[in-house]
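Structure first, then comments.
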Amino acid sequence: MEAPGGTWMALNDNKAGMEGLDKDKINKIILEASKGSRYYESELKKEQKVNQRIEKMLQYKELITQQQLLRAQEQVEKMAADLERGRCLGRVIVHVDMDAFYAAVEMRDRPELKDRPMAVGSDRMLSTSNYHARKFGVRAAMPSFIARKLCPDLVIVPHNFEKYRAASTEVREVFSEYDPFFMPVSLDEAYLDFTEHLRERQGWPEARRTHTPRTETATAEGRGVEEGSQGDGGSADLSLVLFEDDPVSPPGPQGPAEPVVFGTGAEEAVREMRFRIEQRTSLTASAGIAPNMMLAKVCSDKNKPDGQYCIPADRQAVMDFIQDLPIRKVSGIGKVTEKMLRALGITTCSGLLQQGALLSLLFSELSWHHFLQISLGLGSTHIERDSERKSMSTERTFAEMSSAEQQFDLCRELCRDLAQDLQKEDLKGKTVTVKLKSVNFEVKTRASTVSSAVSSEEEIYAVARDLLKIEIDTASPHPLRLRLMGVRVSGFLSSDDRKSLQKSIVSFLQSSRPPGDTPLPNTAPDNPTPLSGGAVIQTGMSLTARPSKPGRSAREGQSFFQRAEAQRLRGQAGRGEEREGEQGEERGGVSSCSLQQGQAGLTCPICFQQQESADLRSFNHHIDQCLSAGPAQSHGQGGNLTLFNTHLDMCLNQDVLQELGPGPLSHNASVTASTEGKGTPEPCQSAPKPSSKNKRCGSPTLPSPKKAKGLNPRNTIDRFFR
DNA sequence: GCGGATCAC
DNA sequence: TATGGTGATCCGC
C-alpha cells in the first residue's frame, strides 16, 4: 500500500497518477478544506517545531570549523571504504508490491467500478484509491470529506479485509514458489530472495518455464477488457518475451491462450511471477530487482503500476542509479528527515555522499551511518523473517469526550479488547501505556511498568486507570477533552522467561508424581517461587478460566493447554487487519504436537491415559477432572513423564523448536544465528541495518561503534535541534 | 524505563 | 463539521 506522504498539508506528488487535475488546484482545494481546522492548526504547530529544529541545526553548522570538517571527512571516508569492502552484489533481492491493492480487489469483484474513480476506506479516512481517483488528487490516508471535494463522483467502498486477506494468501502462494522464506511486509508487499531460485532455474527445461494464460471465461469476472486507460496499458497484451533475457520466440500475435515461455534470468523470472500472480488473482503487481532490499524497494516503485525495474549486480550500475535518486524515495527517510536534509542542500543520494562529513557532525552515529549506506547504494542482503512482536495496542478515535466517567469506561473497554488480543497470542507484558490525544491533536503517552506481567482486562485496567486518573487529576479542574484514547502493553516476557516458566510447569508436574520417583533435574533455579500447584490448577482449570490475580509469577495465568490452543489459533488467524502475524503458519503450532496427538488422541499429563478426543477443549476438561481428583490419582511412569517433558519443550518454546536442528526450520535457525552476529559464513553478509534492533553493526567489516564514538563523542548533537 | 518524534503501511 | 490504527525505533532524559 502506498504511504500517505504529503509535505505538510500539500499534496504529495511523489507518486504516479497525477495527470488529471492541476496540482495547484488540488492543493488549493485541500488547503481550503483544511484551513482553520484544529487539525490544520496542529499541523502548523508541528511544522514550526521542525523548523526550529532545523534552525538549531543550521546554527550549529555555522560553528563547525574547517578542521573538524576535515577530520570528519577522514572518518567518513574510512567508513565508506569499509562499507565498500563489505559490499555484496551476489544476491538477487526482489521487492513486490501489489498495485493499489485494496482498490484493485474491489474493482476486480465489481467491474462496474472499473472506470470510475473509487477509493477504499471508511467514512472518515481512505486507505487507498484507484489510479483513476488519483488523477483527482485522491490518495491514501486522505480524509474522505476532502476526497469528495476533490472528486465529487468518487465512490468510496468500505473495507473488506477478508477479501484482501484471501487475495493476499493467493499471492503469497505464488511468492513461496520463488522463495519459501519470503518476508511479507503487509498484505500487499513482500521481499523475496530469488538467488536460490535462479540458481536452480538455470537448469530448468523450457516446459517448466511455460505458462498458459487463463482463458477469458475461466472465472466469474475474468480480468475483463483492459481499456488501457492507465499506466502502460495493463498486461493483457503480455509482451513478455520480447525482453532481452531469453531468446525464446514470441507467441503469435493475439493467438488464443498461447502458452508463454519465460527465460531463465532474473527479470524473466520476476516477470513470470507477476504473470502468475495476475493469472491467479486478476491483480497486478509491480516489482523491483536489485542486489539488496533498500534498492529493490525503490525499484518496485519505479515502473508502477504493473511494471518492474532491475538494477543489475554491478557496482557502477548501482552507483548510477543512486546518483540522482531523491532521498525521499528511500524507505526510512520521511517528511521530516527530508526537510532537514534539504535545509543542508541535500536532495539526492549523491548529495548524502558529498556531504557525508557534515552529516557525521550534525546527526547521530546511527543516522549518519544510515545515510552513508544509502549514499553508497548499500542495504540488507538477507531477508529475515519477522521477529517476535514487542508490543500490542489498541486505540480509538471518537467525537470529543470530556466526561471523566466516560473516559474511564472507554479505558476499560480498550483494556478488555486488548486483553482479548493478548490472549489470542498468549502474551503478557510488564509495561502498560496509555495514549491520549486531545481535541487539539496533542498526543501524550503515559507508561508504567509493573513487576509482574499482565494480560487480563482487570490487570491492564488497574494500571491504565491509574495513569488516566493522574492525567485527569493534573488537568483538573479542567476536564480532559479527548479525541483519541489508546492502551498498549509491551515488555513481553522474553523467551528465557518462557523457558523458566516451562521448567516450573515441569517441576509442578513432578510434584504430582507418586513419592519414590526420582525427580527430573529440570527445576528452574532462577525461579525462586515455583508455581504452586494450586495456582496452576486454578488458572488451568479450563479454557474459560477467569483472569488471574496480580502478583503471580510469569505466564501462570494460562494453562499449557490454553497456550497450545492459542498457538493453534495463531497459526490460523493473523495478528491484525492489515499487518498479519505472518510466520504463524510455518512455525510451531499444532504440527509440533503430533508427538502426542498422533493417531489415537492426546495423553493426559496427569493420569497418563490416552484420550480419544483430539479436541483441546474436551481434553482440557478431562484435565480438570483429573486435577480435581487430586494428585493421588496420578500413576505415571518415568518414561511417560520424560516424553511429556519433551512435548512441553516443543510446544511451549519456539526457540527450542528452532534449536532442534535441521529440518524444515533449519533455514530460520541459520538466519537467526547469522543475525546474532556470531560470524557469518555466508558469502554475503547482511549489510548493517540502520534501523535494526541490533545496536551493534552486524557486519564484521564495519568499524566498531566504540571507535567512532571515542573519536568525537560530541558529534551527536541531535539534541541541539530539539 | 519514559515520553516525544519519526516512519511505514 | 470533518484528518486512522498498529507496530517499531531512536533519542535524550
Side-chain angles (χ1 to χ4, degrees), chain A residues 1-6 9 30 33-34 36-43 46 49-50 53 97-98 101-102 121-128 139-149 159 184-189 297 328 330-340 363-367 370 386-400 414 417-418 421 430-437 439 441-450 467 483-491 575-581 689-695 716-722:
Chain A
M1 201 65 46
E2 292 86 331
M9 300 305 300
I30 295 177
S34 304
S37 69
R38 284 172 169 153
Y39 175 79
Y40 181 78
E41 296 301 321
S42 153
E43 287 298 299
K46 274 182 3 194
K49 276 191 191 168
V50 170
R53 218 175 131 186
D97 195 341
M98 301 298 294
F101 186 51
Y102 298 170
S122 67
D123 289 339
R124 314 167 71 170
M125 192 66 81
L126 303 182
S127 284
T128 191
R139 322 186 49 81
M142 177 176 275
S144 304
F145 80 94
I146 289 183
R148 288 205 190 86
K149 277 199 170 118
H159 290 121
V185 177
S186 61
L187 285 184
D188 76 320
E189 233 188 282
K297 166 88 180 164
R328 186 62 165 87
V330 177
S331 178
I333 300 211
K335 201 167 52 172
V336 174
T337 310
E338 178 191 33
K339 192 166 178 178
M340 298 200 29
F363 288 84
S364 74
E365 186 175 301
L366 220 55
S367 296
H370 185 199
D386 284 349
S387 48
E388 285 186 15
R389 76 149 72 233
K390 295 178 176 56
S391 73
M392 187 183 277
S393 67
T394 181
E395 65 187 56
R396 220 163 286 160
T397 295
F398 38 78
E400 172 167 349
L414 291 168
D417 292 352
L418 183 55
D421 292 346
K430 293 189 175 177
T431 303
V432 176
T433 306
V434 169
K435 176 175 170 181
L436 304 172
K437 194 194 283 182
V439 291
F441 292 87
E442 293 152 349
V443 177
K444 250 187 219 171
T445 60
R446 291 294 176 262
S448 170
T449 301
V450 294
L467 292 171
R483 81 178 329 269
L484 170 144
M485 190 186 298
V487 180
R488 176 166 78 243
V489 168
S490 55
R575 264 184 209 160
E577 288 297 69
E578 186 146 356
R579 300 165 63 94
E580 301 241 81
K689 273 213 297 194
S691 55
S692 163
K693 66 217 150 169
N694 270 341
K695 289 245 160 94
T716 304
I717 58 159
D718 278 358
R719 61 199 156 93
F720 283 110
F721 315 144
R722 295 188 183 271

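Just so it is clear: chains get the letters A, B, ... in the order the sequence lines come, proteins before strands, and each one is counted from 1.
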Open item on the list: Of the options dA8(C), dC11(C), dC9(B), whose atoms approach the side-chain atoms of Ser186(A) most closely?
Closed with: dC9(B)
Open item on the list: How many whole angstroms separate atom NZ of Lys437(A) from atom P of dA2(C)?
Closed with: 15 Å
Open item on the list: Using side-chain heavy atoms (C-beta onward) and a distance below 4.5 Å, is Met485(A) in contact with Phe398(A)?
Closed with: yes
Task: Phosphate OP1/OP2 of dG4(B): any Thr445(A) side-chain N/O under 4.0 Å - done: yes
Open item on the list: Under 4.0 Å, heavy atoms only, any strand: does Thr337(A) hit a base, just the sugar-phosphate, or nothing?
Closed with: sugar-phosphate
Open item on the list: Counting the atoms with a prime plus P, OP1 and OP2 as sugar-phosphate, which does Ser448(A) contact under 4.0 Å by heavy atoms, base, sugar-phosphate, or nothing?
Closed with: sugar-phosphate
Open item on the list: OP1 or OP2 of dG5(C) versus the side-chain N and O atoms of Thr397(A): is any pair under 4.0 Å?
Closed with: yes
Task: Which nucleotide in dG7(C), dC7(B), dG4(B) has an atom nearest any side-chain atom of Lys444(A) - done: dG4(B)
TODO: In whole angstrom, give the distance that lies between atom CG of Leu484(A) and atom C1' of dT6(C).
DONE: 12 Å
Task: Between C1' of dG4(C) and CE of Met125(A), the distance in whole Å - done: 5 Å
Open item on the list: Students often get this wrong, so: under 4.0 angstrom with heavy atoms, is Ser122(A) touching a base, only sugar-phosphate, or nothing?
Closed with: nothing
TODO: Name all residues meeting the side-chain hydrogen bond (donor to acceptor under 3.5 Å, both in side chains) criterion together with Thr431(A); count only those two or more places apart in sequence or in a different chain, and write none if there are none.
DONE: Thr449(A)
Open item on the list: I want to check something: taking the side chain as every heavy atom from C-beta on, are Val432(A) and Ser448(A) in contact at a cut-off of under 4.5 Å?
Closed with: no
Task: Atom-to-atom span, CG of Leu366(A) to P of dC7(B) - whole angstrom - done: 14 Å
Task: Electrostatic pair Arg38(A):Glu41(A) at N-O distance under 4.0 angstrom - done: no
Open item on the list: By the 4.0 Å heavy-atom rule, please label Ile333(A) as base, sugar-phosphate, or nothing.
Closed with: sugar-phosphate
Task: Nucleotide dG3(B), atom P - distance to NZ of Lys435(A) in whole Å - done: 14 Å
Open item on the list: At less than 4.0 Å, is any side-chain N or O atom of Lys49(A) found next to OP1 or OP2 of dA5(B)? Yes or no.
Closed with: yes
- [ ] State whether Thr449(A) places a side-chain N or O below 4.0 Å from either non-bridging phosphate oxygen (OP1 or OP2) of dC2(B).
- [x] yes
Task: Lys46(A) NZ - dT6(B) P separation (whole Å) - done: 8 Å
Task: From dC9(B), dT6(B), dA8(C), nucleotide with atom closest to Asp188(A) side chain - done: dC9(B)
Open item on the list: Any base atoms under 4.0 Å from Arg396(A), or only sugar-phosphate, or nothing? Heavy atoms, all strands.
Closed with: sugar-phosphate
TODO: Output the single nucleotide from dA2(C), dG4(C), dG5(C) whose closest atom is nearest the side chain of Ala141(A).
DONE: dG4(C)
Task: Options dA8(B), dG5(C), dC9(B), nucleotide nearest the side-chain atoms of Val185(A) - done: dC9(B)
TODO: Using the closest heavy atom to pick a nucleotide of DNA chain C for each, name whichever of Ser393(A) or Arg124(A) lands nearer the 5' end.
DONE: Arg124(A)
TODO: Taking only the side-chain nitrogens and oxygens of Ser391(A), find out if one of them lies under 4.0 Å from OP1 or OP2 of dA8(C).
DONE: yes
Open item on the list: From CG of Asp123(A) over to C1' of dG5(C), roughly how many Å is that when rounded to an integer?
Closed with: 16 Å
Open item on the list: If I take atom CZ in residue Arg446(A) and atom C1' in nucleotide dG1(B), what distance separates them, rounded to the nearest angstrom?
Closed with: 14 Å
- [ ] For Ser144(A), report the nucleic acid contact type (base, sugar-phosphate, nothing); a contact means any heavy atom under 4.0 Å.
- [x] nothing
Task: Heavy-atom check, side chain of Arg53(A) versus side chain of Met340(A), under 4.5 Å - done: yes
- [ ] State which of dG5(C), dT6(B), dT9(C) makes the closest approach to the side chain of Arg53(A).
- [x] dT6(B)
TODO: Apply salt bridge (Lys or Arg N to Asp or Glu O under 4.0 Å) to Arg396(A) and list each qualifying residue two or more places apart in sequence or on a separate chain.
DONE: Glu413(A), Asp417(A)
Open item on the list: Under 4.0 Å from OP1 or OP2 of dC9(B): is there any side-chain N or O of Lys297(A) that close?
Closed with: yes
Task: Side-chain heavy atoms of Met142(A) within contact of Ile30(A), under 4.5 Å - done: yes
